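Here's the structure, in structure tokens; my notes come after.
Bear in mind that the values here come from a model prediction, so they are computed numbers and not experimental data.
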Amino acid sequence: MHKFFPFLILLSLIVSITHGCFLTVPWSVYVLSNIPGDIVAHIKSGDDDLGNHTIPFKENYNWSFCSRGDHRTLFYAYFWWGSKFQTLDLFNKELENHCSLNKAGRQHCYWWVRPDGFFVSPLNNTFSDFYWKFIKPWG
């Protein structure tokens with residue numbers, strides 16, 4: 001039994017690392033569309049290609065991940081809306097600082113894609129422009 005106990009501790013540590021954010025912050029990123037019709041987003045990181053996603057008007061695409069402890073997590077995307085195109089970082093160190101609410105647990109970063117461009121906020125409040133920071137216009 002005494003030899004079995006360290007094995008259980010090691011096993012629980014491995015499970016928490018592979019299925020949770022061990023010593024890092026869990027994040028969820030949302031891309032909300034306020035574009036009449038559909039937009040297409042191809043989202044990637046250095047480790048993951050999340051693929052192409054068609055996001056209809058008033059709908060969203062979201063994903064979750066564990067940030068790196070060194071604040072070097074990067075997700076970026078290519079966006080298409082009809083003949084318009086734009087590239088954009090959706091999560092990096094600067095955006096992590098902007099979206100972080102200095103609270104324990106899962107953090108959120110919301111992107112609001114509108115005809116006039118791309119806006120980011122730590123809060124999902126599309127009823128007011130107050131919380132939204134303009135990042136980039138459509139190209």
Side-chain angles (χ1 to χ4, degrees):
M1 183 68 173
H2 289 72
K3 293 180 181 181
F4 189 67
F5 186 71
F7 173 76
L8 286 177
I9 291 174
L10 181 61
L11 181 62
S12 68
L13 180 62
I14 290 170
V15 168
S16 69
I17 290 171
T18 58
H19 296 289
C21 296
F22 184 72
L23 299 178
T24 63
V25 177
W27 280 89
S28 292
V29 176
Y30 299 81
V31 178
L32 314 165
S33 175
N34 197 36
I35 300 287
D38 294 342
I39 60 172
V40 175
H42 188 140
I43 302 166
K44 299 176 85 173
S45 76
D47 299 323
D48 300 301
D49 185 340
L50 303 182
N52 284 334
H53 301 278
T54 301
I55 308 171
F57 180 58
K58 299 290 184 185
E59 295 295 327
N60 78 84
Y61 174 74
N62 64 81
W63 72 99
S64 297
F65 59 94
C66 299
S67 65
R68 291 175 45 159
D70 61 4
H71 302 283
R72 292 179 46 194
T73 303
L74 172 65
F75 279 93
Y76 57 96
Y78 306 102
F79 286 92
W80 293 269
W81 173 37
S83 63
K84 296 184 179 186
F85 174 78
Q86 188 55 273
T87 61
L88 185 69
D89 284 356
L90 295 178
F91 191 88
N92 59 28
K93 183 177 181 178
E94 179 184 337
L95 293 164
E96 181 177 6
N97 290 336
H98 177 76
C99 288
S100 179
L101 291 177
N102 296 321
K103 65 177 179 79
R106 181 166 302 279
Q107 300 288 317
H108 300 87
C109 201
Y110 295 92
W111 283 93
W112 195 14
V113 184
R114 304 180 348 186
D116 54 341
F118 298 81
F119 298 76
V120 67
S121 173
L123 303 170
N124 183 14
N125 183 352
T126 56
F127 300 108
S128 168
D129 286 348
F130 180 76
Y131 297 103
W132 296 93
K133 177 182 177 184
F134 176 77
I135 299 296
K136 207 173 198 182
W138 281 95

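Evaluation of the ring-ring contact (aromatic ring centres under 6.0 Å, His included) rule for Tyr131 yields no partner, not counting sequence neighbours. For Leu101, the side-chain contact (heavy atoms from CB on, under 4.5 Å) criterion is met by Lys103, Gln107, Pro122, Leu123, not counting sequence neighbours. Taking the ring-ring contact (aromatic ring centres under 6.0 Å, His included) definition, one finds that Phe119 meets it with Phe134, sequence neighbours left out. With sequence neighbours left out, the side-chain contact (heavy atoms from CB on, under 4.5 Å) criterion links Ser83 to no other residue. Judged as a ring-ring contact (aromatic ring centres under 6.0 Å, His included), and not counting sequence neighbours, the contacts of Trp81 are Trp138. By the side-chain contact (heavy atoms from CB on, under 4.5 Å) test, Asp49 is found to be paired with His42, Lys44, residues two or more places apart in sequence or in another chain being considered.
Taking CG of Asn62 as the reference point, atom CD1 of Ile43 lies at 9.5 Å (rounded to 0.5 Å). Taking CG of Asn92 as the start and CZ of Phe75 as the end, the distance is 12.0 Å to the nearest 0.5 Å.
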What do the steps show when you test Phe65 against Leu50 for side chain to side chain contact (heavy atoms under 4.5 Å, CB included), and what is the final call?
CA-CA 12 Å; Phe65 59 94; Leu50 303 182; over 6 Å; no

As a quick check of understanding, evaluate side chain to side chain contact (heavy atoms under 4.5 Å, CB included) for Phe57 and Asp38, giving each step before the final call.
CA-CA 6 Å; Phe57 180 58; Asp38 294 342; 6.0 Å; no

Can you check side chain to side chain contact (heavy atoms under 4.5 Å, CB included) on Tyr61 and Ile39, steps first, answer last?
CA-CA 11 Å; Tyr61 174 74; Ile39 60 172; over 6 Å; no

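Here disulfide (SG to SG under 2.5 Å) pairs that include residues 55-86, with residues two or more places apart or in two chains, are Cys21-Cys66. Residue pairs meeting the disulfide (SG to SG under 2.5 Å) criterion with at least one partner in residues 77-139, sequence neighbours excluded, are Cys99-Cys109. Listed by first and then second residue, the salt bridge (charged side-chain N to carboxylate O under 4.0 Å, His left out) pairs that reach into residues 82-97 are Glu94-Lys133, sequence neighbours excluded. Pairs of residues two or more places apart, or lying in two chains, that qualify as side chain to side chain donor-acceptor pair (under 3.5 Å) and include a residue from residues 112-121 are Arg114-Asp116, Arg114-Asp129.
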N/O donor-acceptor pairs under 3.5 Å from side chains in residues 24-32, not counting sequence neighbours:
unit_1: Thr24; atom_1: OG1; unit_2: Ser67; atom_2: O; d: 3.4
unit_1: Ser28; atom_1: OG; unit_2: Ser64; atom_2: OG; d: 2.8
unit_1: Ser28; atom_1: OG; unit_2: Arg106; atom_2: NH1; d: 3.3

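Within the 4.5 Å cutoff, the side chain of Phe130 has no heavy atoms near those of the Asn125 side chain.
Applying the under-4.5 Å side-chain rule to Ile, Leu, Val, Met, Phe, Trp and Tyr, the cluster around Val40 extends to Leu74, Tyr76, Tyr78, Trp80, Phe85.
The shortest non-hydrogen separation linking Asn34 to Pro115 is O-CD, 3.4 Å.
Note on Leu88 and Tyr110: separate hydrophobic clusters, where clusters join Ile, Leu, Val, Met, Phe, Trp and Tyr whose side-chain heavy atoms are under 4.5 Å apart, directly or indirectly.
Between the side chain of Ser33 and the backbone N or O of Glu59 there is no donor-acceptor pair closer than 3.5 Å. Looking at Trp132, its side chain never comes within 3.5 Å of a backbone N or O of Phe118 through a donor-acceptor pair.
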